[in-house]
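What follows is a single structure, written as structure tokens, with notes after it.
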Amino acid sequence: ISITPRHRGATVSEEDYDDAQALVAGRERVGAKVRGLYSGVARCGTCGASMTASGDRYKCAFATNHPGSSGHVTILRTVLEEAIDKAMVAAFLFGRESMEPRVEDVTALDVELARVVGSRRRITALVSLGPDDGGLSLDEASGQLRDLATKMNLLESQRRDLIASNAHAAMLDGIVSSILGPGKVDMGDVVKVRAAIRERWKGLADDKRRGLAREFLDVTIRAAGNS
């Protein structure tokens with residue numbers, strides 16, 4: 001099994017945020033058990049397809065759908081789930097710096113949006129004047145308005161994505177900060193802290209654990225003998 005931490009870029013919903021706070025507070029969330037706790041988190045080292053739960057194992061989805069294929073991997077559910085749980089606890093405990101989210105300022109996008117909106121208003125005002133009074137005809141203005149509308153839609157989409165990304169970053173920072181507190185973890189307390197993090201991690205509903213593991217980790221299952 002190859003498990004490496006990564007910086008996440010996905011966004012989270014308000015419900016995800018609440019569940020993350022339940023993790024921080026140590027409250028157990030009650031959720032329906034999902035078949036295959038970490039289905040879709042790991043990938044087959046042979047073809048890159050998702051590993052999905054089947055019986056007591058996770059199997060390559062491609063191999064499952066193509067019974068004649070060979071060289072694909074399977075792994076016991078208990079082995080993969082324990083490995084991912086341990087990796088997540090270690091990520092919270094020791095990977096704080098690599099997990100540090102980046103919060104970006106939306107001011108530059110707001111300024112550019114305001115500029116585009118101002119340009120649209122000016123062109124609209126010129127159309128209202130008409131060409132006879134020093135303004136623009138609708139034909140003359142249509143191309144410019146279309147270009148500005150496209151640019152405004154793009155900027156608004158970027159702004160929404162950035163706000164969502166910042167909310168996600170704040171959530172992650174809240175989890176790490178609330179579990180570990182500011183600064184370095186006292187190595188003398190590692191065993192105690194690890195146990196507390198593990199208990200809180202397992203208190204999350206299965207779908208939330210799966211979603212966060214997908215964001216935090218790259219997991220690849222390779223056949224025996226492959227590096």
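Remember, it's a predicted structure, so these values are computed and weren't measured experimentally.
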Partners of [X] by side chain to side chain donor-acceptor pair (under 3.5 Å), sequence neighbours excluded?
X: R43; value: S50
X: S142; value: none
X: S119; value: R122
X: E112; value: R115, K151

Please check: side-chain N/O of [X] versus main-chain N/O of [Y], any donor-acceptor pairing under 3.5 Å?
X: R77; Y: G55; result: yes
X: S39; Y: A53; result: yes
X: T220; Y: G45; result: no

Check: [Y] and [X] side chains under 4.5 Å, non-hydrogen atoms:
X: D85; Y: W201; value: yes
X: I197; Y: R194; value: no
X: V219; Y: L80; value: yes
X: Q158; Y: L155; value: yes

Separation of L154 CG from M152 CE (nearest 0.5 Å): 11.5 Å
Distance (rounded to the nearest 0.5 Å) between R222 CZ and I75 CD1: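 Here the rounded value is 12.0 Å.
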Evaluation steps, side-chain contact (heavy atoms from CB on, under 4.5 Å), between Y38 and R209: CA-CA 8 Å; Y38 292 129; R209 287 166 67 187; 3.5 Å; yes
Closest contact, heavy atoms only, [X] versus [Y]:
X: L217; Y: A87; result: CD1-CB, 3.9 Å
X: I221; Y: A42; result: CG1-CB, 4.0 Å
X: A61; Y: A49; result: N-CB, 4.5 Å
X: A213; Y: I84; result: CB-CG2, 4.0 Å

Contacts of type side chain to side chain contact (heavy atoms under 4.5 Å, CB included), residue [X], not counting sequence neighbours:
X: D110; answer: V106, R159
X: A141; answer: I123, V127, L136, L145
X: S157; answer: R160, D161
X: L76; answer: D56, R57, T78, V79

Residues in salt bridge (Lys or Arg N to Asp or Glu O under 4.0 Å) contact with R198, at least two apart in sequence or another chain: E82
Sequence neighbours excluded, every pair satisfying ring-ring contact (aromatic ring centres under 6.0 Å, His included) that has a member inside residues 70-90: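 Listed once each, the pairs are F62-H72.
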Worked verdict on V73 versus M51 for side-chain contact (heavy atoms from CB on, under 4.5 Å): CA-CA 9 Å; V73 296; M51 303 288 293; 3.8 Å; yes
